[in-house]
Amino acid sequence: MSVMPCASHRPSSLPRALTLLLTAALFLGCGGATLTQGTLPREETSQLELIPRDAFLAGRLDIHALQATPHWEYILERLREDDATLAQLAADTGRLYFAVGGLVPAPPIPPMYDDEQNYQPQPAWADLARHFNGRIPKVVAIVEGAMAQMCVQAMEGFDPRERSGYRIADISGVAVITRGQSFCALTWSPLVDALLAEHGPTAAIATHLAVEGGGIAQLALRLDGPVVAEMLSDVDPNTVPREAEEPLPDGLTDEQLEEYRAALEASRLRSLRMANFSRAVTRIVMHGVRGATWQLGTQGDGFETRTQVVTDDNGRMRMWRELTEVYFDVMRALVAYEVLPAEGHPVLAEFVRDVQIVEQRGGYQIVRHTRHEVIAEFLQASVPRRVEEAVAVVQDPGAEERAALEDRINESTRGTAAETIAVVEPNIAFVRESPYVYFRARVLMALADAYASTGRFADAERLMDEELQYLRSYQPTSPDGPDFTEEAQGWVCVEAAAACEIHLAHGDAERALAAVRADSPQREGTCAQERLDALSCEAAATATLGRADEALALLDASAMRPSGMGYAAARARVLALAGRHEQVLSLVSGLCAGGAANPDCAVFFGDYAESLAATARTLAAAEPVFTSFAERRSDSAGSQADDELAVRVQAADCALRARVAANAEPTRAVCAAALERALTVHGEAHPQVAAIRLSYARALQAARQRDEATAQRAAAAAVVETLGPQHPLRGR
């Protein structure tokens, strides 16, 4: 069961930095006392007024006690190496706490997009509310001392309200609560009123967090209370509150809208079933376990950690003790055999070293010794970023919006060309400002492909030229960020292959060759010698220039080890461009059992359909293939690649009919449907649209619809004039 949800939700930098030392101690501190009553130090009572009364999980780290150990200076020095500010704040901090209590109803989750499809930032608690069916657990983190100054800094620029002696600011759904300069509490904003209403006595579980026997950190978990039972109870789908309905997509019929709503409801119910299943598994696992405590104390050259598990089920207790022993045996073996090497993983190696598991009355105890160097290593590795950067992230109200925009852009690249252009083009500056090479390169390559798919070849070629120049001369945009130079070099040949395809689709085979014959930045040779997609485009461009045998020789001489299908697809393409359609049909028929029904044949089917259209003598010989393809593609169409292939096959069907049955009424119907779909996918300026218009004109002319035929030829000619010198339509 997840009991620390605040670690996984934005804005996470401030809570994570405030609880860094607590996390470190607890991670290494699986060790403890029993769930007996302790005595909470009197001076701490006022600090814990915001701990929920029904808390079932609570943790405490005493920095002053840690400072009294012989290991403190070593730990502090390691912290200074990474972040001097954090080290100073840690030195002047008293105690850190956190607690998790019962569920509180959350406000309605706002839709991610408004009626104009503009993104609306989601509050940080939104995902948590979805998981708990419109409620959120009372999660609170508290810090006293100097580290609370981070909260004071984070509140700058916001308008805090005053209540019950606290100053409260809402930062993207996270409530920052301060009292003076040395107290700070963090929770989810909808929880503030509930916590302040409980103002007064601390939770019973907090009394288990007392310092005993030189303890530094302690954690208590009680599993047999009503709060945990409620969280693990199955949920009736009829009582789950609905989120605010997001705007429905435009342009859908009533039937499609009904299907869309049904799909949303089915998705909601699937998520609910999965959540109920997880609850059921957790109930089974925890059966008989009433609670556990962890305690971290000093001993010798390091720390002793103790974990005490309390159970009502003696049989299950023995089973879990034995499973725990097996677990540690396996982990030790993995480290010993360097499957999980100790070098580079000091925390893991220490975690499984010198473990004792002792059966006790009512449960069992795990005792472990941890050296102070390991805790120092863990503390240093756990610092996510400089404290100043963490505060800046929390203070930045646009961080959530930028993250959502990035998600929206990524999603658009998996859709149609029109969707990609509509989302990416207005945000191209945002994409180019990203410090991440992968995001920028992948998105802008998708935009260039979308431009080419809609006939905007000049825009596509300009964009690819700029991106290739950027990648070849890449310099990291942030001096503190990771160096992505090697990754940028890896993208050069990926984008060179894409640029080649765009030039070739435009009809400029010479520029296509130049793109893939440029040097590879990662090894001696050209991009065509490094990547199969670049080699395939080089061979296709060579064949387009009338040198088919040379193109086939390039493929045969390649030193790469391409997959069988990839290499065969490149060969079929060259043969089709050379007009050797019978060889294409023979090649594909030998590899594709089942023809269009075989999903492995997708890489061949464009060339296969066009070769069939060029050679079939009757409709009867080819029609079953086109029908089979149409049936198979109807279920998967929607992405840019799917739509483009569907148009290409429909164009081949139209061309075949215009050649062997020009005067037949079905021919005109097929060509009209192909033209309509091509215009939807590609727009007016794409060569595939021009090709369909020419075939359609032939059918119209045969039916003596001369005016319409002339109009179709004129529209096609306007597109052909924009194409490069080697485009096949230039010769028609």
Closest non-hydrogen atom pair between [X] and [Y], with its separation:
{"X": "W188", "Y": "A124", "result": "CZ3-CB, 3.5 Å"}
{"X": "D193", "Y": "R163", "result": "OD1-NH1, 2.6 Å"}
{"X": "V140", "Y": "A185", "result": "CG1-CB, 4.5 Å"}
{"X": "Q181", "Y": "A148", "result": "O-CB, 4.0 Å"}
{"X": "C151", "Y": "V176", "result": "CB-CG1, 3.6 Å"}
{"X": "A129", "Y": "I109", "result": "CB-CD1, 3.9 Å"}

_Tell me whether R179 is salt-bridged to E49, with the criterion being a basic N under 4.0 Å from an acidic carboxylate O._
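Looking at R179 and E49, the cut-off is met.
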Is there a donor-acceptor contact under 3.5 Å from the side chain of [X] to the main chain of [Y]?
{"X": "E144", "Y": "R95", "value": "yes"}
{"X": "S434", "Y": "F430", "value": "no"}
{"X": "T178", "Y": "V152", "value": "no"}
{"X": "S189", "Y": "G173", "value": "yes"}
{"X": "T187", "Y": "V139", "value": "yes"}

*Are there more than 12 heavy atoms of other residues, nucleotides or ligands under 6.0 Å from atom CZ of F277?*
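Not more than 12 within 6.0 Å, no.
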From [atom1] ([X]) to [atom2] ([Y]), nearest 0.5 Å:
{"X": "Q67", "Y": "D92", "atom1": "CD", "atom2": "CG", "value": "7.5 Å"}
{"X": "N410", "Y": "F439", "atom1": "CG", "atom2": "CZ", "value": "5.5 Å"}
{"X": "L195", "Y": "I177", "atom1": "CG", "atom2": "CD1", "value": "6.5 Å"}
{"X": "M150", "Y": "L186", "atom1": "CE", "atom2": "CG", "value": "9.0 Å"}
{"X": "I168", "Y": "R161", "atom1": "CD1", "atom2": "CZ", "value": "4.5 Å"}
{"X": "L50", "Y": "K138", "atom1": "CG", "atom2": "NZ", "value": "11.5 Å"}

*Do the side chains of F56 and V100 get nearer than 4.5 Å, heavy atoms only?*
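A side-chain contact under 4.5 Å exists here.
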*Checking side chain to side chain contact (heavy atoms under 4.5 Å, CB included) for the pair L96/D62: CA distance, chi angles, key distance, verdict?*
CA-CA 7 Å; L96 303 173; D62 190 333; over 6 Å; no
*Start with the C-alpha gap between F98 and L219, add the side-chain angles, then the distance that decides, and say whether side chain to side chain contact (heavy atoms under 4.5 Å, CB included) holds.*
CA-CA 9 Å; F98 81 90; L219 181 73; 3.5 Å; yes
*Please state whether the rings of F183 and Y166 are parallel, tilted or perpendicular, taking 30° and 60° as the class boundaries.*
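Because their plane-to-plane angle lies in the 30° to 60° range, the rings of F183 and Y166 count as tilted.
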